[in-house]
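Being a predicted model, the structure only gives us computed values, none of them experimental. Every number for a ligand or one of its atoms is a count from 1 in the order of the listing. Start at 1 with the first residue, then count along the sequence.
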Amino acid sequence: MMARGFDHALIRAQFPILEPGVHGRHLHYLDNGATAQMPKAVLDAIVRHETRHRANVKRSVHFLAEAATEAYDDARESMKAYVNAASEEEIVFTSGCTGAINLVAYSFGSLLEAGDEVVISALEHHSNIVPWHMLAKRAGVVVKAIPVTPEGRLDLDALPKVIGPRCRLVAVTHVSNVTGAETDVAAIVAAAKAVGARVLLDGAQRAPHGPIDVKALGVDFYAFSSHKMFGPNGVGVLWGKSELLARMPPFLGGGEMIARVTLEETTFAEPPRRFEAGTPPIAQAVGMAAAARWISGIDQEAAHAHLQSLTGRMLEGLEGMGGGRVRVVGPLGLQNRYPVVSFIVEGGHPHDICQLLDEEGVALRGGHHCAQPLMNAFGVTGTTRASLALYNDADDVDALITGLGRALKKLHL
Ligand code: PLP
C-alpha cells in the first residue's frame with residue numbers, strides 16, 4: 001500500500017524485515033546510510049515483474065519481451081519524474097552510484113586534456129575520489145580538493161583558491177555519508193559556472209529523502225543508488241543533461257548500445273542506450289522506480305519533521321555522554337543536515353562499540369565509511385555512525401543512547 005500522509009506506525013508496518021517475528025526481536029536498524037530496507041510495495045513490484053513480465057528488453061518481439069520492455073521504459077519514466085529531468089533520455093540506468101560516477105569519470109573524463117582540473121572535496125566517499133584519481137593517472141588531469149570545516153561541511157571560503165580557470169568539473173557530495181552535512185549547492189554551482197566548469201552531485205545519501213529537482217539545483221550530473229532509497233541493489237541512476245550526454249562517448253561496449261556494427265567498426269546509439277551496454281538490471285530498475293514512487297507518495301514535510309526530530313533527539317543524547325568521552329563529528333544543529341550522525345568515543349574503537357550495540361539489537365556502522373581523507377582531516381581512524389530512515393522512531397534512538405551507556409560501562413569508560 002502506498003503511504004499517504006505520514007504515520008510512523010503505518011510506515012514501519014510496510015517493512016516485512018522489521019516485523020518482530022522475523023528475527024525474534026525488535027530490530028533497531030540504524031545502518032540506513034549503508035542500505036535501507038525495502039517496503040512491501042517495492043518487494044511486490046519486483047515479484048510481480050519476475051513472475052509476470054520476466055524477459056530481456058529491447059530485443060525480442062514476443063509478448064513477454066514487450067511487457068518487460070514496457071516495464072523498463074516505465075521505470076525510466078518514474079526516475080525522470082523523481083529527479084525532475086527534462087526527458088527520459090537523460091536517465092541512464094547504471095549498477096549504482098559508483099557505476100554512475102565511474103561512467104562520468106571515464107566518458108566525460110575522456111573529453112578532458114592533460115592539465116585540466118577536476119575539483120572534489122575532502123568530504124567525499126571513495127566512490128567520488130578513486131575514479132578521478134584513475135582519470136588523473138590515465139589522462140594527466142589534475143585533481144584538487146575543497147577542504148572541510150571542523151564542523152564537517154565544505155569550506156566554501158576556499159572555493160576561489162581551489163576552483164580556477166582550468167577547472168572543468170566540480171564533483172561533490174550532495175549530503176555527506178559521515179557528517180550528514182548538506183552541501184550548499186548554489187555556492188558550488190556559482191563558483192563552477194563562473195569558470196565554465198560542470199557540476200556533478202553524488203546524491204547517494206540525499207536520494208532516500210524525497211524527490212530531487214536537478215533543474216532547480218542547476219547541476220549537470222546527478223548520481224545515486226537504489227538500495228539506499230528503499231529499492232533493490234544492483235541498480236542506480238546517472239542523470240545527465242542531454243546536451244552533455246550527447247557529446248560523451250560510451251563507457252562500456254556490448255549489446256544494445258550500438259547503431260551499427262561491422263567487423264571493422266561500431267557506431268553508437270543515442271543516449272541513454274549508448275551507456276547501457278548488455279542486459280540491464282531490469283527487475284531492479286522496476287524495483288527502484290517503485291521505491292521512488294513509494295517515497296514520492298509520502299508527505300515530505302511530515303517525513304522531514306519526523307527525521308529532524310529524531311536527529312535532534314540523537315544529537316542531544318550523544319553529545320557529552322560518558323563525561324564528555326562521546327563527541328559528535330558533524331554539525332550539531334539541524335540546519336542543512338540529514339539524519340546521518342557520526343560520533344567518536346574517546347578510548348573506544350568503533351568496531352567494539354558496534355559489536356556491543358549489536359548485542360543490544362542496535363545495528364550501526366563503524367569504521368572509515370569509505371571516506372579515509374575525511375577521517376584524516378578529523379585526525380581519527382574511524383567513527384561510529386547511526387543513520388536514520390522513515391521507519392525509525394524514538395525507541396530506536398533511545399535504544400542507541402541507553403545501549404551506548406551500557407557499552408561505555410562494559411569498556412570501563
Ligand atoms: N556516495 C556516497 C555519499 C555514499 O554514501 C555511497 C555509499 O555508501 C556511495 C557513494 C556509493 O554507493 P554504492 O556503493 O551504492 O555505489
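Here the protein heavy atom with the shortest distance to atom 3 (C) of ligand 1 is Asp202 OD2, 3.5 Å. In this structure, atom 16 (O) of ligand 1 lies nearest to the protein heavy atom Thr98 OG1, 2.5 Å. Closest to atom 4 (C) of ligand 1 among all protein heavy atoms lies His125 CD2, 3.3 Å. Shortest contact from atom 5 (O) of ligand 1 to any protein heavy atom: Gln205 NE2, 2.7 Å.
Between Asp44 and Arg48 there is no salt bridge, since no side-chain nitrogen of the basic residue lies less than 4.0 Å from a carboxylate oxygen of the acidic one. Of the charged side-chain nitrogens involved, none lies within less than 4.0 Å of a carboxylate oxygen, so that Lys241 and Glu90 do not count as a salt-bridged pair. Salt-bridge annotation for Asp398 and Arg313: present, with a side-chain N of the basic residue lying under 4.0 Å from a carboxylate O of the acidic one.
Near Ser225, the atoms of ligand 1 lying under 4.0 angstrom from a non-hydrogen atom of the residue are 12 (O), 13 (P), 15 (O), 16 (O). Which parts of ligand 1 touch Cys97 is read off a 4.0 Å heavy-atom cut-off, strictly below it: atoms 10 (C), 12 (O), 16 (O). Close contacts of ligand 1 with Ser127, meaning ligand atoms under 4.0 Å from a residue heavy atom, involve 9 (C), 10 (C), 11 (C). Proximity to Asn177 (heavy-atom distance under 4.0 Å) selects the following atoms of ligand 1: 3 (C), 5 (O).
Every N/O-N/O distance between Arg365 and ligand 1 stays at or above 3.5 Å. Of the N or O atoms in His227, one or more lie within a sub-3.5 Å distance of an N or O in ligand 1.
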Only pairs under 3.5 Å count here: list side-chain donor-acceptor contacts from residues 275-283, not counting sequence neighbours, and write none if there are none.
| residue | atom | partner | partner atom | Å |
| --- | --- | --- | --- | --- |
| Glu276 | OE1 | Tyr72 | OH | 2.8 |
| Glu276 | OE1 | Arg76 | NH2 | 3.0 |
| Glu276 | OE2 | Arg76 | NH1 | 2.8 |
| Glu276 | OE2 | Phe93 | N | 2.7 |
| Thr279 | OG1 | Asn56 | ND2 | 3.0 |

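Pro208 is listed as a side-chain neighbour of Lys228, based on a closest heavy-atom distance under 4.5 Å.
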For salt bridge (charged side-chain N to carboxylate O under 4.0 Å, His left out), just list the numbers for Lys193 and Asp220, CA-CA rounded to whole Å, side-chain angles, deciding distance to a tenth of an Å, and then say yes or no.
CA-CA 11 Å; Lys193 300 293 156 181; Asp220 301 284; 2.7 Å; yes

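Ring-centre distance between Phe221 and Phe108: below the 6.0 Å cut-off. For His126 and His368, the ring centers sit closer than 6.0 Å to each other.
Residue Asn128 places every heavy atom at 4.0 Å or more from ligand 1. The closest approach between any non-hydrogen atom of Lys228 and ligand 1 is below 4.0 Å.
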